[in-house]
2 protein chains.
Amino acid sequence: MAAGARRGSPLTPEEIYATALRLVNEGGVEALSMRKLAAALDVNPMSLYHHVESKTALIDQICLTMAERLEIPVMDGAPWQERLRALGHAYRRLATTYPALWSYVHTHPELVAAREGGLWDVFLPILRAAGVPEDELLRTADVLHAFVTGLLINQQNGHIGSDRSPEAMDRMFETAIDLILDGLTARHSPAGRAGGGAADEARPAAPR
Amino acid sequence: MAAGARRGSPLTPEEIYATALRLVNEGGVEALSMRKLAAALDVNPMSLYHHVESKTALIDQICLTMAERLEIPVMDGAPWQERLRALGHAYRRLATTYPALWSYVHTHPELVAAREGGLWDVFLPILRAAGVPEDELLRTADVLHAFVTGLLINQQNGHIGSDRSPEAMDRMFETAIDLILDGLTARHSPAGRAGGGAADEARPAAPR
DNA sequence: AGCCGTAGCCATACACCGTATGGCTACCGT
DNA sequence: ACGGTAGCCATACGGTGTATGGCTACGGCT
C-alpha cells in the first residue's frame, strides 16, 4: 500500500464519489469525464480504475449515494394528507439538490431497479391510510410517484410556464400536491372531504 | 448543383432526418453518430454538414418532426372527461412510437421551449370545460402535462411495477387518467361527481 | 463558346472520450 | 533480504464531433 505518488494520501472511493458528484452537479452528467475527474483529483486518469470498475459503475455509485440522502420525514401521528405532502417536499428537496443527476437517474432504466430505499416503506402506509384498497395500492403508488417525478423533471428543465420564478415553482408544486390529495380523497374516501380540507391551506392568489 | 457522387441522387434533409430518426428509434439517442448516420446514407460524414448545421441542430430538427406527428383527436361535442382521456391516449401513442427520442426531449431544457404545437390549443379548452378557473388554468395545465410526461417516462424506463406487461401498463395509464379526472372534478366541480361518473367506466379488477 | 461561381462531396486532421495493456515504485510480511 | 502487491502512471487504440480546405461538375453569365 504505497503512499500516493503525486498526492499526499492515496485515493479513496469516497473522495472519488464526492468529486464526481460535484462535477455532475456543476455541469451535468455529460460534463463528467474520467479525464476531468482525474484532473480534479490531481491524478492520472488510469489511477481511477484501481478504485472504480468503470465510468458507468461510478455513476451508479454516485446515484446510490444521492438516493441515500433522501431525508424521509417521520410524522407518525399526523393525518395522511400532511404526511403525503411532507414526503413530496422531501422528495422535491432531493431533486433540487442534485438536479442533473436526479434527471439522469429517472431516465435510465438500469438504475433504481428496485424501489428506492425507505421511500416506499413510508409511501405505501400513507396511501393505505388514504383508503386506497390493497389491490390498487402498488399501481397507485407507481402512478403518483411517476407524477411527482414528471413534475420535478419538467420544472428543472423549464418545460413549464413562462414564469420560472421560484415562487411560481412552489405554487405549482402545491397545486400538484393538492390535485393528488383531491384525487385520492375523491376516489377512495369521498366523505372525508368536508369543503376544503387539508388540500386548501395557504394557497395564494396565483396571478401566474 | 452536381449530382451525388457515389449515390444516385443528392442528399436531402428529409432523407437525413428520416434516417436519423430511425437510428435513434433503434438504438437510442446515444446510438446516433454522424459517422454512423453517414454510413447508413452511404455518404462521407462531412457531407452531412452541407445540409445540417450540427449534430444538435439535427436532433432539434428530428424532435420537431416527431412533435408534429402528434395526432390530436377532435371530439367537439363530447364531455370534457372523454376529450381529456382521448388527448392523454394520443400523447401516449406518440411517446410509445418514439420512446427514446421522446424521453430525450423531455429531459433537455433547450428543446420544446415553446409549448408544443396544437396540443395546448386543445388542452386548455378542455380544462376550462372542467371548471378550472382562469387564474389557475396555465398552472394546472403544466402540472397535468408534467404528470403524464412523468408517467410515460417511468413506464418506458421500467421504473414501475414488477409486472411490466402491456396490460399492466394500460391499466396503470387508466388509473392515472382516473386520478386526474377525479382530482379535477373534486377541485373544480364537486357537484358534478354523482357517485362514480365518467372516471369509473371500464376499469378492470386489477389484481396486479 | 468560354468561363466562373458555387453546390455538393470528400480526405485529412484535431481534440476529446473510455479504457486495455503493461511497467514502475514503495511499502508490507516473512 | 526479498518477494508480493497496492497504488500509480505512460502509452495506445478505436471511437466521437467537426474545422479546414480541396475536388468535381453543373447553371448561368458574357
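Note on naming: letters A, B, ... go to the chains in the order of the sequence lines (proteins, then strands), and numbering restarts at 1 for each one.
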[X] has an atom [atom1]; how far is it from atom [atom2] of [N], in whole Å?
X       : N      : atom1 : atom2 : answer
A:Leu37 : C:dC16 : CG    : P     : 17 Å
B:Glu53 : D:dA19 : CD    : C1'   : 14 Å
A:Leu48 : D:dA6  : CG    : P     : 18 Å
A:Met46 : C:dC24 : CE    : C1'   : 15 Å
B:His50 : D:dG22 : NE2   : P     : 14 Å
B:Asn44 : C:dA13 : CG    : P     : 14 Å

*Taking only N and O in the side chain of A:His51, is any of them less than 4.0 Å away from OP1 or OP2 of D:dC8?*
yes
*salt bridge (Lys or Arg N to Asp or Glu O under 4.0 Å) pairs, two or more places apart, involving residues 16-37 of chain A*: A:Arg22-A:Glu26
_With salt bridge (Lys or Arg N to Asp or Glu O under 4.0 Å) as the rule and sequence neighbours excluded, what pairs involving residues 62-77 of chain B come up?_
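Not a single pair qualifies under salt bridge (Lys or Arg N to Asp or Glu O under 4.0 Å).
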_salt bridge (Lys or Arg N to Asp or Glu O under 4.0 Å) partners for A:Arg93, two or more places apart_ = none
*Strictly below 4.0 Å, heavy-atom distances to any atom of DNA chain D: list the hits from residues 16-36 of chain A, or just say none.*
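Only A:Arg35 qualify.
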*asked:* I'd like to know if the side chain of A:Glu136 pairs up with that of B:Thr175 as donor and acceptor (distance under 3.5 Å, no hydrogens or angles considered).
replied: no
*Between A:Tyr49 and B:Ser47, just flag the one whose closest nucleotide in DNA chain C comes earlier from the 5' side.*
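Taking each residue's closest nucleotide, the earlier one in sequence belongs to B:Ser47.
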*Closest to the B:Lys55 side chain: D:dC9, D:dG17, C:dC10?*
D:dG17
For residues 48-55 of chain B, dump all side-chain donor-acceptor pairs below 3.5 Å to protein atoms at least two apart in sequence or in another chain.
| unit_1 | atom_1 | unit_2 | atom_2 | d |
| --- | --- | --- | --- | --- |
| B:Ser54 | OG | B:Thr56 | OG1 | 3.1 |
| B:Ser54 | OG | B:Ala57 | N | 3.2 |
| B:Lys55 | NZ | B:Leu32 | O | 2.8 |

*Keeping to residues at least two apart or across chains, list the ring-ring contact (aromatic ring centres under 6.0 Å, His included) pairs with something in residues 11-34 of chain B.*
none
